Student: 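One structure coming up, written as structure tokens, with questions to follow.
Worth saying up front: this structure is predicted, and the values here are computed from it rather than measured. Below, each value reflects all heavy atoms present in this structure, side chains not excepted, and no hydrogens, waters or symmetry copies.
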Amino acid sequence: MRRLSQAKLGLTYFLVSTAEEAKLKELGFVKGRKVELVNLTDQNAIVVVAGSRIAMGRETIDNIFVNEVLDDKKIVDLSNLKTGETGVVQKIESDIATKHRLMDMGITRGVAIYVRKLSPLGDPMELHLRGYSLSLRKQDARLIKVLVKEV
């Protein structure tokens, strides 16, 4: 069991307990429900629960306890995803200049990337993230490690 504030971005957890049970129950925080931490800063967090994104203060998520969901998913290169699959960015493994270029395109940890289509020869890939489409070479996609997300 761990605090939600210590959870990894993009992974799914099961809710165990909350300190402010009545208040959070109205928002969908019910024991056993799946919870996902989407974004975390020093003071705020964005959490997905019951299909809704909820912004919360750091104090609140420090009082929410979760357990990891045990599954056989593994982290793969973005280039390994097929058309129609979605992955959540876990890491960019490259030199600092390339990493900054990819991050400037909106590819950051915790972002969901949907593979819209592949060109006839498979390179480049057309991706959808943050409400826009992006074409990315397979060479760059190999540097991005994602957790395959079930639909």
Student: Is there a side-chain contact between K8 and L37 in this structure, where contact means two heavy atoms from C-beta onward sitting under 4.5 Å apart?
Tutor: no

Student: Do R137 and D123 make a side-chain contact, defined as non-hydrogen atoms from C-beta onward lying under 4.5 Å apart?
Tutor: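 R137 vs D123: side chains touch.
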
Student: If you define the side chain from C-beta out and look only at heavy atoms, does anything of V148 sit under 4.5 Å from L81?
Tutor: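 Side-chain contact under 4.5 Å: yes.
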
Student: Looking at OG1 of T83 and CG of L118, how far apart are the two atoms once the value is rounded to the nearest 0.5 Å?
Tutor: 4.0 Å

Student: Checking side chain to side chain contact (heavy atoms under 4.5 Å, CB included) against R2, which of V66, I64, N67 comes through?
Tutor: V66

Student: With no hydrogens and no angle check, is any side-chain donor or acceptor of N63 less than 3.5 Å from a backbone partner on E59?
Tutor: yes

Student: Going from NZ on K34 to OH on Y13, what distance comes out if it is rounded to the nearest 0.5 angstrom?
Tutor: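 One finds 14.0 Å between NZ of K34 and OH of Y13.
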
Student: Using 0.5 Å steps for rounding, measure from the NE2 atom of H128 to the CD1 atom of I113.
Tutor: 11.0 Å

Student: Compare all side-chain heavy atoms of V115 with those of T86 and state whether any distance is below 4.5 angstrom.
Tutor: no

Student: Are Y114 and I144 joined in one hydrophobic group, where the rule is that I, L, V, M, F, W and Y side chains link up if heavy atoms are under 4.5 Å apart?
Tutor: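 Different hydrophobic clusters.
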
Student: Can you tell me how far the OG atom of S135 sits from the CG atom of L127, to the nearest 0.5 Å?
Tutor: 7.5 Å

Student: How many angstroms lie between atom CD1 of I107 and atom CD1 of I92, to the nearest 0.5 angstrom?
Tutor: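 It is 6.5 Å, given to the nearest 0.5 Å.
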
Student: To check you understand the geometry: which heavy-atom pair defines the closest contact between I61 and A45, and what is its length?
Tutor: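 Taking I61 first and A45 second, the nearest heavy atoms are CD1-CB, 3.6 Å.
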
Student: Checking one residue: I46. Which other hydrophobic residues are in its cluster under the side-chain 4.5 Å linking rule?
Tutor: V38, V48

Student: M103 and V88: same hydrophobic cluster, using ILVMFWY side-chain contacts below 4.5 Å?
Tutor: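 As far as the 4.5 Å side-chain criterion goes, V88 and M103 are not connected within one cluster.
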
Student: Is there a side-chain contact between L40 and L9, using heavy atoms and a 4.5 Å cut-off?
Tutor: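 The answer is yes; the side chains approach within 4.5 Å.
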
Student: I'd like to check the salt bridge (charged side-chain N to carboxylate O under 4.0 Å, His left out) partners of K99; sequence neighbours left out, ordered by chain and number.
Tutor: none

Student: Indicate yes or no: at least one non-hydrogen side-chain atom of R109 is less than 4.5 angstrom from one of K91.
Tutor: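 Of all side-chain heavy-atom pairs linking K91 with R109, none is under 4.5 Å.
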
Student: Tell me every residue that passes salt bridge (charged side-chain N to carboxylate O under 4.0 Å, His left out) with D77, counting only those two or more places apart in sequence or in another chain.
Tutor: K145

Student: May I ask you to check whether over 12 heavy atoms, not counting those of R116, lie within 6.0 Å of atom CZ?
Tutor: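 Enclosed.
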
Student: Between F29 and L15, what is the shortest heavy-atom contact and its length?
Tutor: C-CD2, 3.3 Å

Student: Tell me the closest heavy-atom pair linking L27 and V49, and the distance in Å.
Tutor: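 Minimum heavy-atom separation between L27 and V49: O-CG1, 3.8 Å.
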
Student: If you draw a 6.0 Å radius around CZ in R53, do more than 12 non-hydrogen atoms from other residues or ligands fall strictly inside?
Tutor: no

Student: Answer yes or no: is there a donor N or O on one side and an acceptor on the other, between the side chain of R58 and the main chain of T41, under 3.5 Å?
Tutor: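 Flag set: sc R58 to bb T41 pair under 3.5 Å.
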
Student: Would you say L78 and L136 make side-chain contact, with heavy atoms under 4.5 Å?
Tutor: yes

Student: Roughly how far, to the nearest 0.5 Å, is the CE atom of M56 from the OG atom of S5?
Tutor: 11.5 Å

Student: Is any side-chain heavy atom of N80 less than 4.5 Å from a side-chain heavy atom of E85?
Tutor: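 No. Closest side-chain heavy atoms not under 4.5 Å.
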
Student: Any donor-acceptor pair under 3.5 Å linking the side chain of R142 with the backbone of S79?
Tutor: no

